[in-house]
Amino acid sequence: MAVDRLSLDIPDRSITVLVGPSGCGKTTTLRMINRMVEPSEGTILLDGQDIQQQPVNTLRRSMGYVIQNAGLFQHRTIVDNIATVPRMLGWGKDKARARARELMERVGLDGALAKRYPYQLSGGQQQRVGVARALAADPPVLLMDEPFSAVDPVVRKGLQDELLRIQAELGKTIVFVTHDIDEAVKLGTMVAVMRTGGHLAQFAPPAELLSDPADAFVEDFLGADRGIRRLSFFPATGLELLTGPIVAVDATAEQVAARDTAGAPYLLVTDQEGRPLGWSEPGELTAGNIRQAELLPYGRPFVAGTDSLRSALDCAVLSPTGWAVAVDAEGRTAGVVSQQTIGEAIRGAHAERRASDRAAERPQAGKDSRVAR
Amino acid sequence: MNGFFDIPSDLQHSWLGLVGLHLREALLPVLAGLVVSLPLAQLCVRFRWLYPPVLWVTTVLYAIPSLAFFVLLIDYTGQTELTVMIPLTVYSLVVLVPAIVDGVRSVPQETLAAATAMGFGPVRRYLQVQLPIAVPAIIAGLRVATVSSISLVSVGTLIGNQGALGNLLNDANIYNRPELAVNAVLSMAALAILADGLLVGLRLLLTPWMPRRTRTKPKAGRPDPAVLALEDAAR
Ligand SMILES: Nc1ncnc2c1ncn2[C@@H]1O[C@H](COP(=O)(O)OP(=O)(O)OP(=O)(O)O)[C@@H](O)[C@H]1O
Ligand SMILES: [Mg+2]
């Protein structure tokens with residue numbers, strides 16, 4: 001039995017991720033939703049209706065399915081691949097193609113690729129075509145089976161961001177299968193961790209998964225650094241940023257001397273626009289003659305408004321001085337913060353989360369479709 | 001009166017007439033073979049157990065000498081073109097059925113899954129996905145079948161001069177005009193090469209979706225159709 005007594009409430013207009021070790025029945029679950037596999041017992045409800053009641057091909061055309069390795073039609077051009085389902089639904093050729101071109105833009109594909117054939121595309125581009133093809137008839141439900149597993153990490157990150165953006169714009173109900181827990185945590189509104197035999201190990205929002213794994217299996221599956229990963233869910237906005245230990249590269253001797261370093265052993269040198277250049281010990285600085293080549297590297301800055309405590313901590317760890325640099329959206333320095341301050345913020349955030357968890361019961365996800373067997 | 005293209009009057013055709021006749025007798029059987037093979041191959045794909053016995057039967061039929069077919073058929077169809085074309089149709093199956101089955105089976109699993117997931121029914125999936133993707137394999141089969149059919153027509157000489165260009169071989173013997181034999185062999189070779197070239201062109205036309213650079217030889221080890229033609233001429 002590939003999937004046994006699985007019961008899931010998949011929330012509407014959000015991304016539900018099925019994650020688990022290879023062979024645990026994720027693909028089978030996904031295929032049950034569009035009836036490529038029929039359950040031997042149990043029902044699947046979509047908007048309260050049993051999917052068994054619908055003609056099977058009507059059901060399938062109302063769900064976009066993104067298959068592993070894209071599964072494109074090698075004998076059709078990119079536009080025609082994307083236009084497949086609209087054409088089957090009886091759209092005219094021109095309308096379907098126009099729609100296909102619109103979708104190419106939406107998933108970030110150059111329009112010049114429209115007349116190409118799949119073999120002329122890179123793996124990442126093919127995945128995008130797969131996503132566009134699934135979106136073509138504007139289905140309310142999108143099923144995605146390890147859609148990004150065949151591409152390199154950089155392209156994968158791009159595709160993930162793209163998916164989140166598309167989801168924010170279109171509000172689809174997405175069921176996303178992966179065996180990559182990082183991907184699950186990044187994309188999922190809700191994450192279902194499955195174990196072999198199609199049993200549900202835990203179904204929870206990613207932050208809760210990381211903070212309260214249900215059992216040893218889930219904990220093991222989350223990996224050794226779940227504490228660090230969990231920090232992605234705490235915004236860095238609360239960090240107290242210091243602006244004292246910052247000097248512009250063209251500062252005068254008096255300005256340098258007047259800096260209140262607030263106990264920081266280093267000063268951050270910025271250019272005239274405020275973009276960080278590097279760290280220096282205060283004694284090493286000669287006003288009017290700051291040699292940029294001699295500054296210590298500042299690592300990778302984090303964006304104060306949008307990044308998480310995880311990024312902030314990462315910046316501090318990467319920085320040779322142990323201090324992280326915060327920038328605004330334009331890349332201008334917003335302040336600096338020490339590892340120690342970040343550590344305090346983490347402890348504070350954890351305490352606050354525990355308190356709020358106790359106070360309010362966990363918010364209930366909306367009930368929409370239900371998978372049971 | 002003894003030129004290269006002067007055809008003895010007993011054949012009742014000019015050289016060009018013989019060429020036309022030859023093409024008809026060679027190509028109609030391949031076409032008929034294709035029409036039979038397509039559904040037969042689809043059955044073999046659909047019901048896997050059917051494929052080995054079908055393959056076995058086509059091979060056995062291929063092993064029957066054409067003369068035996070003629071003896072069998074002549075009571076029904078007489079000394080006509082049809083008597084020549086029926087065995088040729090049967091022979092073409094041994095190439096066409098496996099070519100189509102392999103072609104259809106070579107469609108990647110995920111392509112089929114994608115088609116199913118998008119709501120393709122079995123018929124639509126066969127016609128719009130499997131068959132187009134099998135085109136290169138089918139045409140590779142057609143090339144071999146066509147070329148061997150062109151050379152096999154000659155055996156029709158045995159039943160009242162129904163061998164088209166092949167009759168020239170017999171006449172070369174009777175009238176002691178060896179140039180007629182040379183004419184027959186060269187003409188058939190030219191037809192075979194021409195037909196093969198046209199099929200290659202057809203494939204290029206039908207498969208703009210294939211990578212162009214890696215298309216040197218579809219299958220290593222498959223003998224060149226033109227070579228096969230010369231071998232078959234001995235049948
Ligand atoms: N068509 C099938 N018929 C019978 N059993 C199958 C079939 N497909 C898969 N299985 C079995 O069902 C189980 C679950 O398979 P499934 O493909 O759903 O796994 P998965 O979680 O998607 O794994 P992966 O991460 O490797 O894709 C496996 O033990 C597999 O052997
Ligand atoms: Mg799978």
Side-chain angles (χ1 to χ4, degrees), chain A residues 27 30-37 54-78 80-89 115-121 126-127 129-130 133-137 139 141-147 149-150, chain B residues 38 41-42 45-46 99-142 199-219:
Chain A
T27 300
L30 207 62
R31 289 183 172 208
M32 283 199 294
I33 300 178
N34 80 348
R35 292 184 59 190
M36 282 165 78
V37 175
Q54 281 192 53
V56 65
N57 284 337
T58 313
L59 177 84
R60 288 179 185 158
R61 284 169 206 174
S62 74
M63 294 179 174
Y65 195 111
V66 185
I67 218 153
Q68 186 168 354
N69 298 328
L72 299 183
F73 294 149
Q74 55 189 358
H75 61 296
R76 291 191 179 168
T77 57
I78 302 310
D80 287 341
N81 260 285
I82 299 174
T84 304
V85 178
R87 292 284 288 148
M88 271 199 291
L89 293 174
K115 287 272 182 259
R116 295 239 191 128
Y117 287 96
Y119 81 91
Q120 295 165 310
L121 265 57
Q126 294 193 18
Q127 294 291 8
V129 177
R133 185 172 66 173
L135 287 169
V141 178
L142 214 55
L143 309 175
M144 310 181 83
D145 192 356
E146 303 194 25
S149 60
Chain B
L38 278 172
Q42 179 52 15
V45 172
R46 186 81 186 70
I100 301 172
V101 170
D102 291 348
V104 169
R105 278 193 187 162
S106 72
V107 178
Q109 207 55 49
E110 61 230 27
T111 305
L112 293 180
T116 308
M118 280 190 281
F120 280 70
V123 176
R124 192 198 287 261
R125 196 177 79 164
Y126 180 69
L127 292 179
Q128 293 187 4
V129 179
Q130 290 175 299
L131 217 47
I133 292 178
V135 158
I138 295 175
I139 290 192
L142 278 178
L199 282 170
V200 171
L202 181 69
R203 189 196 56 193
L204 290 178
L205 207 68
L206 289 179
T207 60
W209 47 270
M210 272 182 82
R212 293 288 159 192
R213 246 164 277 142
T214 58
R215 61 158 63 242
T216 40
K217 273 260 164 66
K219 256 185 201 162

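Note on naming: letters A, B, ... go to the chains in the order of the sequence lines (proteins, then strands), and numbering restarts at 1 for each one.
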Structural part of A:Gln68 lying under 4.5 Å from a heavy atom of chain B
backbone
Residue pairs passing the side-chain hydrogen bond (donor to acceptor under 3.5 Å, both in side chains) test with at least one member in residues 117-137 of chain B, sequence neighbours excluded, are A:Arg76-B:Gln128, B:Thr116-B:Arg125
Drop me the distance from B:Met118's CE to A:Arg60's CZ, to the nearest 0.5 angstrom.
11.5 Å
Please report the closest heavy-atom contact between B:Ala113 and A:Ile67, naming both atoms and the distance.
CB-CD1, 3.4 Å
Which atoms of A:Arg35 come close to chain B, meaning under 4.5 Å heavy atom to heavy atom: side chain ones, backbone ones, both, or neither?
neither
Can you tell me which of B:Gly121, B:Ala114, B:Pro108, B:Ala117 forms the most heavy-atom pairs within a distance under 4.5 Å of chain A?
B:Ala117
Heavy-atom distance under 4.5 Å to chain B: side chain of A:Arg116, backbone, both or neither?
neither
Any idea which heavy atoms bring A:His75 and B:Pro132 closest together, and the distance?
CD2-CB, 3.4 Å
On a heavy-atom basis, the closest approach of B:Trp209 and A:Tyr119 is O-CD2, 3.0 Å
Holding to side chain to side chain donor-acceptor pair (under 3.5 Å), I want the full list of residues that pass it with A:Ser62, two or more places apart in sequence or in another chain.
none
Does any heavy atom of chain B fall under 4.5 Å from the side chain of A:Leu72, the backbone, both, or neither of them?
backbone
Could you check whether any side-chain heavy atom of B:Ile133 comes within less than 4.5 Å of a side-chain heavy atom of A:Gln74, counting everything from C-beta outward?
yes
Where on A:Asn69 is there a heavy atom nearer than 4.5 Å to chain B: the side chain, the backbone, both, or neither?
both
